[in-house]
Visitor: 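Take a look at the following structure, please.
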Amino acid sequence: MAAPRDVTTTEGARGTDGGAMTLSRHILESQRQQPRARGELSVLLLQLAFAGKIFSHALRRSALDRRLGPTGDRNVQGEATKKLDVFGNDTIVEAFARSELVAALVSEEMDEPRQIACGKRASYVLCVDPLDGSSNSDVNGVVATIFGVYRPARDVGAAATVAHVRSGRDQVAAGYIMYGPSTSFVYTTGGGVHGFTLDHDIGEFLLTHPSMQCPPHGPYYGANLANVQDWDEGAQEYIRHLTAGRDRANSLRYSGALVADIHRSLLEGGIYLYPADRRHPGGKLRLAYECAPLAFVLEQAGGAASTGTAAVLDTPFESIHQRVPFAAGSRDEVAIFERFIRERR
Ligand code: AFP
């Protein structure tokens with residue numbers, strides 16, 4: 001789906017007719033280029049943006065409204081759940097519970113897919129990580145919502161089901177909402193990657209990063225180096241390659257929020273790594289709602305995302321909380337990482 005013609009002028013984002021390029025306008029202009037589109041995906045994306053505005057507002061007030069800290073429970077991953085994890089998940093569920101836009105909702109915070117009663121004939125399955133980087137939420141760090149919109153194969157008239165999602169290639173849209181100094185909405189529907197910034201004064205996401213391109217290589221790498229001794233040899237060799245000699249210009253940037261580190265690579269080049277380790281023999285990050293959506297965004301921006309041995313988007317789905325090793329960012333950096341893995345297997 002080709003992106004609508006848009007330009008970013010000095011006074012901000014404008015359409016070619018000089019009007020402000022809002023997310024709504026951008027999505028609808030993209031839809032017009034799809035003659036068979038019925039508008040459901042457009043409304044689904046705008047509903048995600050609405051949930052992002054709600055969450056952005058709550059995050060900014062979280063300390064004031066006593067929303068910080070743990071709930072005392074653990075999620076299906078066995079991870080301690082934060083109050084903001086629950087709020088983020090509830091916000092997404094509430095945004096889609098009475099809509100006919102999705103047939104099922106998959107979330108990091110829910111053991112099983114949530115079937116949406118009104119979505120019996122919906123074409124899409126929505127997979128989300130409502131709060132990526134929750135370990136940052138109590139320390140005013142960057143967090144994000146990651147989303148992947150899947151259109152699984154299905155019988156005519158039947159509801160789309162998670163069971164029929166084959167891989168990340170079944171996505172028709174993906175992106176993230178990053179809650180940092182500003183709130184960004186970055187998405188793709190297969191026609192490039194486009195970034196919007198929330199103007200809190202008017203409550204609109206405005207185009208600030210049209211047609212984002214991931215540099216083929218870059219100076220930054222992000223990884224939890226406390227685990228490096230548990231990585232396989234190829235991954236360890238790659239880190240030694242990155243840090244060998246003083247003339248290397250590589251700099252470590254690891255924020256604790258996958259999206260923040262990927263967003264940096266998307267804009268300035270670099271690589272993010274979470275290889276398998278002793279605590280996570282199959283990798284830590286989840287395929288359906290973390291790695292595959294970000295892989296779609298990166299590939300659409302000219303970047304790459306790999307498990308180390310295969311493209312993330314080609315990795316078959318086996319379960320909704322399936323984990324994979326993850327190396328993603330600039331395509332040249334990912335290719336070098338894959339070469340180290342291949343040569344030392
Ligand atoms: P949380 O959402 O539980 O904080 O996990 C965040 C994350 O999935 C990803 O966003 C980070 O890059 C990575 O895990 C951090 O993992 P480590 O704490 O093991 O480095």
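Counting starts at 1 for both ligands and their atoms, following the listed order.
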Visitor: Do His209 and His194 have their ring centres less than 6.0 Å from each other?
Guide: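 Ring centres of His194 and His209 not closer than 6.0 Å.
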Visitor: Quick one: list whatever passes side chain to side chain contact (heavy atoms under 4.5 Å, CB included) with Ser62, sequence neighbours left out.
Guide: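 Ser62 satisfies side chain to side chain contact (heavy atoms under 4.5 Å, CB included) with Arg67, Leu68, Leu84 once adjacent residues are dropped.
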Visitor: Using a 4.0 angstrom limit on heavy atoms, which residues are close to ligand 1?
Guide: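 Lining ligand 1 at under 4.0 Å, by heavy atoms, one finds Leu131, Asp132, Gly133, Ser134, Ser135, Asn224, Tyr254, Gly256, Ala257, Leu258, Tyr272, Tyr274, Arg279, Lys284, Leu285, Arg286, Glu290.
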Visitor: Would you say Arg264 and Tyr272 make side-chain contact, with heavy atoms under 4.5 Å?
Guide: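 Heavy-atom side-chain distance check fails, nothing below 4.5 Å.
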Visitor: Do any pairs count as a salt bridge (charged side-chain N to carboxylate O under 4.0 Å, His left out) and have a residue in residues 336-345, sequence neighbours left out, and if so which ones?
Guide: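 Checked against salt bridge (charged side-chain N to carboxylate O under 4.0 Å, His left out) - neighbours excluded - the pairs reaching residues 336-345 are Glu237-Arg344, Arg339-Glu343.
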Visitor: With sequence neighbours left out, which residue pairs that include part of residues 88-97 fulfil the salt bridge (charged side-chain N to carboxylate O under 4.0 Å, His left out) condition?
Guide: Glu94-Arg98
Visitor: Are Phe147 and Tyr289 an aromatic pair, judged by ring center distance below 6.0 Å?
Guide: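 Centroid distance Tyr289-Phe147: not below 6.0 Å, so no.
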